[in-house]
Amino acid sequence: MKSAKKALLVMDLQNGIVSRYADKPEVLTPFQKAVEAARKAEIPVVFVRVAFREGYPEISGQNKMFSAIGKHGGMVQSEASTQIHESLAPRADEPIVTKRRVSAFSGSDLEVVLRGLGADQLILTGIATSGVVLSTLREAADKDYGLSVLSDACLDGDEEVHRVLTEKVFPRQADVMTVDEWSAGL
């Protein structure tokens, strides 16, 4: 059996989302530890952000989640709100993938980047557990990627939803562990 080539996905850790979920800087510590461990183990780190073009041509009025952004503004790809949070500072050699929907795969070139890296095992982190992490996990599983979720490097506005997803739903398709458990196995 061939050895899996891993990639760490750091999803939606951008200013406009971090500011809504991370009221204390220490909330980002597990994400920082995961990035540091991946870099030390020479596992590629891929940052994913959600952002739109000026005028929002990719947002349909029928899209309940994004249509309010199209009406009220924000999250344009050039704005500060869509840039990766400075506490995670991507290196020059780490790709930043821009997506146009909830899943990291939707409307992005993530799959091309992962193919280029030869990655077939994804380690997922992100904000929110019930948004980008859930959507990406489901799509990645359907694409036959091996999956791990770092439960403490996922945040959600609803602690119970986070718990149910990480304890009951995600284990059906992914190995779920903490950043420390994952780091110890590298």
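Note that this is a predicted model, so its numbers are computed, not measured.
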At their closest point, which heavy atom of Val179 faces which heavy atom of Asp152, and how far apart are they? N-OD1, 2.8 Å
Spacing of Ser135 atom OG and Arg101 atom CZ [to the nearest 0.5 Å]: 12.0 Å
Is there a side-chain contact between Glu54 and Ser78 (heavy atoms, below 4.5 Å)? yes
side-chain hydrogen bond (donor to acceptor under 3.5 Å, both in side chains) between Ser130 and Asp156: does it pass, once the steps are laid out? CA-CA 7 Å; Ser130 61; Asp156 200 275; 2.5 Å; yes
Verdict with supporting geometry, Trp182 and Asp175, side chain to side chain contact (heavy atoms under 4.5 Å, CB included): CA-CA 10 Å; Trp182 176 68; Asp175 296 322; over 6 Å; no
Which heavy atom in Gln77 sits nearest to a heavy atom in Arg49, and how many Å separate them? O-NH1, 3.1 Å
Is Leu122 reachable from Val48 through a run of hydrophobic residues whose side-chain heavy atoms are each under 4.5 Å from the next? yes
Below 4.0 angstrom, N of the basic side chain to O of the carboxylate: do Glu160 and Arg163 qualify? yes
How long is the span from the OG atom in Ser106 to the CD atom in Glu58, to the nearest 0.5 Å? 12.5 Å
Please indicate whether Glu26 has more than 12 foreign heavy atoms, meaning atoms of other residues, nucleotides or ligands, lying under 6.0 Å from its CD. yes
Worked check of side chain to side chain contact (heavy atoms under 4.5 Å, CB included) between Val18 and Ile127: CA-CA 8 Å; Val18 168; Ile127 303 174; 4.2 Å; yes
Taking side chain as C-beta onward, heavy atoms only, is Val45 less than 4.5 Å from Arg91? no
Leu124-Leu28 co-clustered via ILVMFWY side chain contacts under 4.5 Å: no
List the steps and the verdict of side chain to side chain contact (heavy atoms under 4.5 Å, CB included) for Glu111 and Tyr145. CA-CA 11 Å; Glu111 213 161 356; Tyr145 285 96; 3.7 Å; yes
Taking everything shown except Glu36 itself, do over 12 heavy atoms lie less than 6.0 Å from its CD? no
Looking at Asp12 and Gly126, would you say the former's side chain and the latter's main chain have a donor-acceptor pair under 3.5 Å? no
Could you go through the side chain to side chain contact (heavy atoms under 4.5 Å, CB included) check for Arg138 and Val169 one step at a time? CA-CA 10 Å; Arg138 293 293 200 191; Val169 177; 3.5 Å; yes
Backbone of Val112 reached by a side-chain donor or acceptor of Asp109 within 3.5 Å: no
Of the non-hydrogen atoms in Val149 and Cys154, which two are nearest, and what is the gap between them? CG1-SG, 3.8 Å
Spell out, yes or no, whether Val10 and Leu110 are grouped together once hydrophobic residues are joined by side-chain heavy atoms under 4.5 Å, including indirect joins. no
I want to check something: taking the side chain as every heavy atom from C-beta on, are Ile17 and Val50 in contact at a cut-off of under 4.5 Å? yes
Look only at the side chain of Glu42 and the backbone of Ala38, and say whether a donor-acceptor pair between them is shorter than 3.5 Å. no
Please report the shortest heavy-atom distance between Leu186 and Ala37, naming the atom on each side. CD1-O, 3.8 Å
How long is the gap from CZ on Arg172 to CG on Leu137, to the nearest 0.5 Å? 11.5 Å
Taking Leu147's backbone N and O only, do any of them form a donor-acceptor pair with Gln173's side chain (distance below 3.5 Å, no angle check)? no
Quick check against the 3.5 Å criterion: does Ser108 have a side-chain atom that pairs as donor or acceptor with the backbone of Thr98? no
Between Arg100 and Ala51, is there a donor-acceptor pair closer than 3.5 Å when you use the side chain of the first and the backbone of the second? yes
Would you confirm whether Gln14, through its side chain, and Ala80, through its main-chain N or O, come within 3.5 Å as a donor-acceptor pair? no
To the closest 0.5 Å, what do you measure between CD (Glu181) and OG (Ser151)? 7.0 Å
Taking C-beta and beyond as the side chain, do Glu79 and Asn15 meet within less than 4.5 Å on heavy atoms? no
Distance-only, no hydrogens or angles: does the Ser67 side chain make a donor-acceptor pair with backbone N or O of Gln62 under 3.5 Å? no
Sub-4.5 Å side-chain heavy-atom contact between Leu134 and Val102: no
Any heavy-atom pair between the side chains of Phe31 and His85 that's under 4.5 Å? no
Shortest non-hydrogen separation from Ala128 to Tyr21 and the atoms involved: CB-OH, 3.9 Å
Expected output: side-chain Thr136 to main-chain Ala104 donor-acceptor under 3.5 Å: yes
Establish whether Val46 and Leu150 are linked, either directly or via other cluster members, by ILVMFWY side-chain heavy-atom contacts under 4.5 Å. no
Between OH on residue Tyr56 and CG on residue Asn63, distance to nearest 0.5 Å: 13.5 Å
Met11-Phe52 co-clustered via ILVMFWY side chain contacts under 4.5 Å: no
Interatomic distance, CG@Leu8 vs NZ@Lys6, rounded to 0.5 Å, equals 11.0 Å
Heavy-atom nearest pair, Phe47 first then Arg39, reads CZ-NH2, 4.2 Å
